[in-house]
Structures are given as structure tokens and as C-alpha cells.
Amino acid sequence: GAAKLVVVIAIFLLTFYVISQVFEIKMEANLGHIFARSALDAAARSTKPPRYKCGISKACPEKHFAFKMASGAANVVGPKICVEDNVLMSGVKNNVGRGINVALVNGKTGELLATKFFDMWGGDVAPFTEFLKSIQDGTIVLMATYDDGATKLNEEARKLIAELGSTSITSLGFRDNWVFCGGKGIKTKSPFEQHIKNNKDTNKYEGWPEVVEMEGCIPQKQD
């Protein structure tokens, strides 16, 4: 009887030892997997590129406003204008329309002053020229076309936009895509302008050229 008891106890102890060893191995494997995943997640976070305001490709220097904008896509998708990570105009905001879309921003603070769009296909150019004349010195002016932004433009309106720093406005034609950032009282031509002509041989969309996009850093107006 004593011998049987010893054998039973020995078997019990051996079984307990085997189970504990298997459990310990599984625990080590699970912990190793957890630590490995944590290390991979940390590495992924460290290699993820930083995001800058408005999604531009690099950070702007101090005393500059980040901006990014795009013209409309044919007559389907409206333009988009973003300044300092604030979307000022877009189809989602439902404040864009056919023609020339304009956002006015305070050159000192970056504050939005106004958004407007002017139909240059079926509308009247007179309200547009009056609006351009009312812009105050020191105002940042951002413009983007949608559908057609040129048919109703006259020489007076083109001259007023050229005074904001545009060089392409003189040649802007029917259904051209154009984005521009200038300012009232600017002394030189603006470096922020993109223009693509409507050309049936090169158009991306039927009857319209591809979207033009632009990003950059606008110097803050100093007293």
C-alpha cells in the first residue's frame, strides 16, 4: 500500500511539473509576442511622417501662414481653399460655385474676412469688380476657378486682379483651371499662382483640364 501511495504521489508531482512547464512556455511566448508587437508599433509611430497645417509638405517658418488650395475638377467637384489648417471654402462647406471663388484673409492675423464666388459664365462681372475694389490694403486674396472662370471677365476685372500680384490673369481663358494667392497693396508679382489651359488635346476630363493644386507659406504682414 505504501509503495502504491508513493507511485501515485510521484505521478501527481510529475504531471504537475509537466503542466507547469508547458504553461510557463506558453506565457513566455505570449509575452514575447506582446513585446514584439509593442516594439513594431513604436517603430511605426516613430517613422510616420509628421502632419503639417493644411496637409502641406513641410512646416512654414515663423510669422508665415500655411495654405493649400485646388481648383475645381470640371463642373463636378468644387475648389478647396485652406489656410492655417482651416478649410475656408470647399464643396463640403457648400460655399463654392461656378466661376471665380475668392477667400479674403487678414494679412496680420490670418483671420477669415469673407468668402465669395462670382459666376463668370452666366453672371455679371460688375459685382465682381466692385468686390475687388472694396478689398482693403494688407488683405491676403486667394482665388480658384470652378467650371469656367473667364468668359465674363473684362479688362477692368483683369487689371484689378493683376494689381493683386497675378501674371496669368491676362491670359485666363474659357474653362482654364487657375489658382492664385496674392494681396492688396503687394509691391511685386506673387510667386503663388498656377494656371493650366483648356486644350482638347491635353485635357484630363472631357472639355476641362486637370485640377491644379498649390501650397506654400504666406508671409505675415508686418507693421
Side-chain angles (χ1 to χ4, degrees), residues 53-56 60 63-72 78-121 123-150 152-170 172 176-195 211-223:
K53 291 178 180 178
C54 290
I56 65 175
C60 288
K63 295 184 179 180
H64 284 70
F65 300 125
F67 81 95
K68 188 171 185 178
M69 56 195 305
S71 68
K80 184 175 181 180
I81 299 175
C82 175
V83 175
E84 283 293 283
D85 234 13
N86 296 315
V87 177
L88 308 183
M89 301 186 76
S90 72
V92 174
K93 294 180 73 71
N94 197 30
N95 63 347
V96 297
R98 181 174 66 182
I100 295 181
N101 294 259
V102 188
L104 303 183
V105 174
N106 187 303
K108 291 182 180 180
T109 65
E111 176 190 4
L112 175 64
L113 301 176
T115 61
K116 297 273 188 180
F117 61 87
F118 299 91
D119 188 348
M120 292 292 101
W121 167 252
D124 184 358
V125 73
F128 187 34
T129 55
E130 291 306 309
F131 177 79
L132 292 170
K133 290 175 183 177
S134 71
I135 299 173
Q136 301 295 309
D137 278 359
T139 302
I140 298 167
V141 184
L142 304 103
M143 297 185 178
T145 54
Y146 179 29
D147 191 342
D148 173 46
K152 290 294 181 71
L153 278 181
N154 58 14
E155 288 306 310
E156 182 182 18
R158 292 178 189 270
K159 182 175 181 294
L160 289 167
I161 297 172
E163 289 173 356
L164 299 172
S166 172
T167 54
S168 297
I169 191 63
T170 55
L172 186 69
D176 289 359
N177 271 342
W178 172 69
V179 289
F180 163 70
C181 176
K184 186 64 177 287
I186 192 170
K187 303 300 182 184
T188 59
K189 295 302 180 183
S190 171
F192 303 123
E193 188 168 29
Q194 295 290 335
H195 176 208
V211 172
V212 286
E213 295 182 310
M214 181 173 65
E215 65 176 50
C217 303
I218 308 165
Q220 181 181 359
K221 189 179 187 305
Q222 306 297 314
D223 292 326

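For the numbers below, each heavy atom of this structure counts, side chains included, while hydrogens, waters and symmetry mates do not.
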(message) I'd like to know if K159 pairs up with E155 as an ion pair, taking the criterion as any Lys NZ or Arg NE/NH1/NH2 lying under 4.0 Å from an Asp or Glu carboxylate oxygen.
(response) no
(request) Please tell me if the side chains of L160 and K133 come closer than 4.5 Å, counting only heavy atoms from C-beta onward. (result) yes
(request) Return the minimal non-hydrogen interatomic distance between M120 and V125, and the atom names on each side. (result) CE-CA, 4.0 Å
(request) For residues F118 and F131, establish whether the separation of their ring centroids is below 6.0 Å. (result) yes
(request) Work out which heavy atom in C181 is nearest to a heavy atom in I218; give both atom names and the distance. (result) SG-CD1, 3.6 Å
(request) Grab the two heavy atoms, one from A70 and one from V211, that are nearest each other, plus how far apart they are. (result) CB-CG1, 4.1 Å
(message) Is it true that, when you exclude K116 itself, more than 12 heavy atoms of the residues, nucleotides or ligands shown sit nearer than 6.0 Å to its NZ?
(response) no
(message) I'd like to know if the side chain of K221 reaches the main chain of G138, judged simply by a donor and an acceptor atom lying under 3.5 Å from each other, with no hydrogens or angles considered.
(response) no
(message) For N177 versus T145, what's the shortest heavy-atom pair and its separation?
(response) CA-OG1, 3.5 Å
(request) Would you mind reporting whether H195 and V212 have side-chain heavy atoms less than 4.5 Å apart? (result) no
(request) Kindly give the heavy-atom pair with the smallest separation between A103 and L88, and that separation in Å. (result) CB-CD1, 4.1 Å
(request) Can you see which heavy atom on M143 is nearest to which on L132, and at what distance? (result) CE-CD2, 3.6 Å
(request) Look at the aromatic rings of F67 and F192 and report parallel, tilted or perpendicular, splitting at 30° and 60°. (result) perpendicular
